Amino acid sequence: MIADYLLNPNRRDHSLDTIMLERLGERLGSGKQEKAQPQSLFEVDTGSREETAEAAAALAKLEPILIERLTDQGSVKLFTDVEMPLVPILADIERNGFLLDVDGLHELSKELERDLDQMMASIAALAGGEFNINSPKQLATVLFEKLGLKPLRKTKTGYSTDEDTLTQLATQHELPNQILTYRSLSKLKSTYVDALPELVHPETKRLHTSLNQTVAATGRLSSTDPNLQNIPVKGDYGLRIREAFVVPKGHELLCADYSQIEPRILAHLSQDPRLLSVFAKGEDIHMATAMEIFGLPSSQITRDMRRAAKTVVFGIVYGISPFGLSQNLGVPQAESKKYIDTFFERFAAVRALMDRNIAEGREKGYTTTILGRRRPIPELQSGDPAQRGVGERMAVNSPIQGSAADLIKVAMINVHKKLHEELPHVKMILQVHDELIFEVPDHDLEEAKRLVKQEMEGVGKQLGLSVPLKVDLGVGKNWRVAHP
DNA sequence: GAACTCACG
DNA sequence: ACGTACGTGAGTTCT
């Protein structure tokens with residue numbers, strides 16, 4: 001929606017200041033459909049470039065207060081210094097767009113249609129009749145009444161048929177596996193392969209997403225219409241969808257990922273000596289935690305042990321419970337509890353950080369990130385223990401996820417500035433939480449790689465991080481190949 | 001429009 | 001005793 005607006009030829013000559021005001025209009029909009037509705041600020045366009053710039057600067061100063069007043073629904077939003085300078089950069093990204101291989105997706109659609117037709121017949125045979133596989137209700141009837149399989153979990157309205165359930169049911173019957181495959185193909189076809197080409201802009205021939213700065217509670221961006229932050233990255237068909245994200249002739253796609261950004265922030269915030277040492281030495285974090293958790297030298301760490309350690313670290317960042325970890329790893333709760341206990345023994349400062357975050361959240365009503373971004377967590381004051389649990393996990397996770405969002409926002413500002421000065425033909429075309437994507441003319445490639453890596457990693461020092469930041473680069477003619 | 005499911009970091 | 005990992009957006013079905 002916003003992208004459409006910015007692409008309107010009648011508005012192309014408007015100054016960035018005007019665009020910033022437009023973005024403020026979006027930011028102050030109320031709901032999903034309403035986001036581009038003009039609010040009073042939206043109308044502030046004096047017709048004079050200087051006056052408009054002045055108004056924008058004034059708004060930038062007032063903004064935290066404005067936001068606080070206008071979103072006064074128990075959720076106070078305060079904005080740090082990164083959001084305003086990011087506004088024209090997001091507008092740039094939206095205007096640039098991502099080139100899509102529409103013909104390739106059309107081919108893929110036909111293949112998927114054939115596969116789905118075949119699977120539908122085979123599923124009908126196994127189920128003893130045709131039914132709508134996309135209907136969880138009808139599927140539950142087939143699985144749990146017709147075939148008599150044992151339901152595992154309930155939803156509000158009936159028995160669950162989600163991926164986790166079907167994976168477990170697969171040991172009893174052949175049907176669940178086929179359903180899983182059918183579902184995943186159907187998802188890819190409807191959400192991506194068929195939907196994306198419809199959203200290509202008729203003039204630019206590109207996909208222009210909208211990047212929202214006011215949706216995610218932690219300070220992350222979100223992406224809509226289309227969401228380009230959840231393009232598939234796994235499986236044969238998923239990878240073929242990524243192949244459809246391409247660059248024009250004479251260009252390369254450059255992808256730059258922060259490596260292990262959240263564990264690095266965990267190390268910084270906790271100041272845990274072992275974690276700090278792992279990153280200072282450039283060691284493999286998951287191997288290192290596996291060695292600590294299992295008490296074994298690296299030579300004796302198996303792939304499964306490393307995978308378990310990786311899951312434990314994720315769990316810590318999310319505010320873990322032994323139950324959740326045991327579900328995720330498929331091990332008994334007693335075992336997952338041992339992993340967690342041992343982790344906290346070896347990385348004691350991490351537990352202290354979690355306790356600190358929860359205590360701060362409870363006392364102040366909000367948590368904070370590296371740049372001072374606040375997230376209100378009223379759940380911590382709830383009388384309901386389950387709700388408090390929810391709040392505690394938010395209090396553990398928000399400073400980490402939110403600080404990562406801070407870092408990449410600063411990186412975007414720095415990279416954008418340097419590109420403008422040194423490589424004006426390089427376009428930033430997407431951000432996916434810990435990853436920036438650029439469209440680069442062939443002759444700029446080597447310099448762009450150097451610049452992007454240097455600026456992204458440089459944010460660590462700039463913000464006083466106690467760990468080095470590491471950026472992995474990938475280059476190619478499409479997103480599948482270029483993804484590091 | 002709610003509920004369910006599943007795509008991503 | 002109880003529910004159970006953080007943050008998103010979108011397509012489909014059904015009420």
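Predicted, not measured: the structure shown is a model, and the values here were computed from it. Keep in mind that the numbers below use all heavy atoms, side chains included, and drop hydrogens, waters and symmetry copies. Letters A, B, ... mirror the listed sequences (proteins, then strands); counts begin at 1.
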Between the base of B/dC6 and the side chain of A/K187, is there a donor-acceptor distance below 3.5 Å? yes

Identify which nucleotide among C/dA5, B/dG9, C/dG7 has an atom closest to any side-chain atom of A/V233, counting heavy atoms from C-beta outward. B/dG9

Of the listed nucleotides (C/dG9, B/dC6, C/dG11), which one gets closest to any side-chain atom of A/N212? C/dG9

Among the nucleotides B/dC4, B/dG9, C/dT8, which one has an atom lying closest to any side-chain atom of A/D434? B/dG9

Is A/R375 near enough to C/dC6 that one of its side-chain N or O atoms lies under 4.0 angstrom from OP1 or OP2? no

Closest of C/dA5, C/dT12, C/dT8 to the A/S190 side chain is C/dT12

Taking only the P atom of each, what is the distance from B/dA3 to C/dT4 in whole angstrom? 15 Å

Tell me which of A/L199 and A/S398 sits closer to the 5' end of DNA chain C, going by the nucleotide each one is nearest to. A/S398

Please confirm whether the shortest side-chain N or O distance from A/S186 to OP1 or OP2 of C/dG11 is below 4.0 Å. no

Tell me if the NZ atom of A/K146 is crowded by more than 12 foreign heavy atoms within 6.0 Å. yes

Under 4.0 Å between a side-chain N or O of A/N230 and OP1 or OP2 of C/dA10? no

Heavy atoms of other groups near A/F314 CZ, more than 12 under 6.0 Å: no

Taking NZ in A/K453 as the centre, count heavy atoms belonging to other residues, nucleotides or ligands within less than 6.0 Å. Is the count above 12? yes

Does A/K338 NZ have over 12 foreign heavy atoms under 6.0 Å away? no

Would you mind reading off the distance between A/N134 atom CG and C/dT13 atom P, rounded to a whole angstrom? 5 Å

Watson-Crick or G-U stems involving DNA chain C, each at least 3 pairs long, distances under 3.5 Å, ordered by first number: B:1-9 with C:6-14

Taking atom types as they are modelled, is there a donor-acceptor pair under 3.5 Å from the base of B/dC6 to the side chain of A/E163? no

Taking only side-chain N and O atoms of A/K189, does any of them lie within less than 4.0 angstrom of OP1 or OP2 on C/dG11? no

Does a nitrogen or oxygen in the side chain of A/K234 sit under 4.0 Å from OP1 or OP2 of B/dC8? yes

Looking only at the side chain of A/T155 (C-beta and beyond, no hydrogens), which of the listed nucleotides B/dC4, C/dA10, C/dG7 gets closest? B/dC4

Of the options C/dC6, C/dC14, B/dC4, whose atoms approach the side-chain atoms of A/T157 most closely? B/dC4

Treating A/S186 as the side-chain partner and A/Y182 as the backbone partner, does any N or O pair qualify as donor plus acceptor under 3.5 Å? no

Under 4.0 Å, heavy atom to any atom of DNA chain B: which of residues 327-357 of chain A qualify? none

Nearest-Å distance for atom pair CD/P, residues A/E198 and C/dG11: 11 Å

Phosphate OP1/OP2 of B/dC6 contacted by A/T191 side-chain N/O (<4.0 Å): no

Would you mind telling me which of B/dG9, B/dC6, C/dT13 lies closest to the side-chain atoms of A/H483? B/dG9

Taking only N and O in the side chain of A/S222, is any of them less than 4.0 Å away from OP1 or OP2 of C/dG9? yes

Side-chain N or O of A/Q431 versus OP1/OP2 of B/dG9: is the shortest distance under 4.0 Å? no

Examine B/dT5: is either OP1 or OP2 under 4.0 Å from a nitrogen or oxygen in the side chain of A/T161? Give yes or no. yes

Measure from the side-chain heavy atoms of A/I320 and tell me the nearest of B/dG9, C/dG7, C/dA5. C/dA5

Out of C/dG11, C/dC6, B/dC8, whichever nucleotide has its closest atom nearest the side chain of A/R393: C/dC6

A/T224 has its side chain closest, among C/dT4, C/dG9, C/dT8, to C/dG9

